[in-house]
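Notes follow the structure.
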Amino acid sequence: MDSQITNKKAHSGLYELAEPLIRWYRAHRRSLPWRETRDPYRIWVSEIMLQQTRVEAVKPYYERFLRELPGVKDLAEAEEDKLLKLWEGLGYYNRIRNMQKAARQIMVDYQGKFPDTYEGILSLAGIGSYTAGAIASFAYGQRKPAVDGNVLRVVTRITADDSDIMKQSTKKRIENELEQIIPEDAPGDFNQGLIELGAIVCVPNGEPRCEECPAWNLCEARKQGRISEIPVKTKAKERRIEKKTILVFSDQDRIAISKRPDRGLLAGLYELPGVSGHLDQKAVIEYCKSIGLMPVKIKKLPNAKHIFSHVEWHMTGYAVQVDELEKTNEKGFLFIRPEEIRSIYPIPSAYEAYMPQI
Ligand code: ADE
């Protein structure tokens, strides 16, 4: 019993944090489009986009997404290709698939109105404790923490906590500790303050700007000279490397693309044809013939690399002009005009290096 009570208490260094943190946030906050609204839908869109993508990169996507899909119903009813096109370049496409699932849940289970309880928000597809806490506190002013990797860095430094931040148990404990100290009158600014501190002062890469930090005199890691040791983070597994040869097949007016399978990496998106391994020009010609295409001109394209969470693609490429794409179609390619590929078909940014060919 005793230990349970102790567990529930916040680390002593945190009790004094709220006031200076909120004061600092109000004075230094960046003005960002999603900070000017209390609409839970808009906040949700921003938080999902921001999960793996930098603020500056998110801004144009955020504006366009909300112009095209201004509400939950629009998202619930959108065509998949349209959604993927709006997300093209942001990566982690399951985020947008889950958002559509969640929007449909809201239409069915909540009559189209965004749920206004933490538990209701947490029950939606693709929403974990971080996003639920962010929406509950920013949109509805509820006293719920929003703890992501950046907040974990800030909090473990302030408390000189050398627990592994990759562990679910560390995150859970820090969520519990923060929940004790979120002030009644400013949960949103408290959470945003921690996020902002992690973004512009207690930065993820490089030296933190401790002299600008509102927690300067509270921060145990700084006082103990252990900033460079904290946070403790177990290393992720090494990524698998896949070699690929990307082939940009064209005839007079079309390019060959294909749809990726509905499951796995980049599910349901479109791609440029490819074969595994790095092929030389002779092997490319043989491959073309083996699938019934007759090359008339071949140009080597630069090598390129794309890094996903668990895999790296190391690519080489060729632009292959053929006499006629539609002669045979053993691979089930789609033959599409370049302007339609650009405007309609979602092609992941892994292929970016080869898109100028289109
Ligand atoms: N990163 C995650 N959430 C954010 C927010 N609301 N503002 C700025 N950066 C963020």
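As the structure lists them, so they are numbered: ligands from 1, and atoms in each ligand from 1. Residue indices begin at 1 and follow the sequence shown. All values reported here derive from a predicted model rather than from experimental measurement.
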R35, portion touching ligand 1 at heavy-atom distance under 4.0 Å
side chain

Going by the 4.0 angstrom heavy-atom rule, the piece of N150 near ligand 1 is neither

Centroid separation under 6.0 Å, is that true for the rings of H306 and F308?
yes

Are R173 and E177 within salt-bridge range, i.e. N to O under 4.0 Å?
yes

Do NZ/NE/NH1/NH2 and the carboxylate oxygens of E68 and R64 come within less than 4.0 Å?
no

Do the numbers put R42 on top of the ring of W34, so that NZ or CZ is under 6.0 Å from the six-membered ring centre and no more than 45° off the axis?
no

Does the pair E271/R260 count as a salt bridge with the N-to-O cut at 4.0 Å?
yes

Pairs of nitrogen or oxygen atoms closer than 3.5 Å, one from D148 and one from ligand 1: do any exist?
no

Only one of V155, V232, I174 clears side chain to side chain contact (heavy atoms under 4.5 Å, CB included) with D161; which?
I174

Top protein contact for atom 4 (C) of ligand 1, by heavy-atom distance:
L50 CD1, 3.5 Å

Contacting atoms of ligand 1, where contact means under 4.0 angstrom from a heavy atom of I195
1 (N), 4 (C), 9 (N), 10 (C)

Quick note on ligand 1: atoms under 4.0 Å from a heavy atom of Y130 include exactly 2 (C), 3 (N)

Counting each atom of ligand 1 from 1 as listed, which ones have a heavy atom of V55 under 4.0 Å away?
9 (N)

Are F138 and W44, when compared by the centres of their aromatic rings, separated by less than 6.0 Å?
no

W34, any N or O under 3.5 Å of ligand 1 N or O
yes

If you measure from each heavy atom of E196 to ligand 1, is any distance below 4.0 Å?
no

Give the residue, atom name and distance (to 0.1 Å) of the protein heavy atom nearest atom 3 (N) of ligand 1.
E47 OE1, 2.8 Å

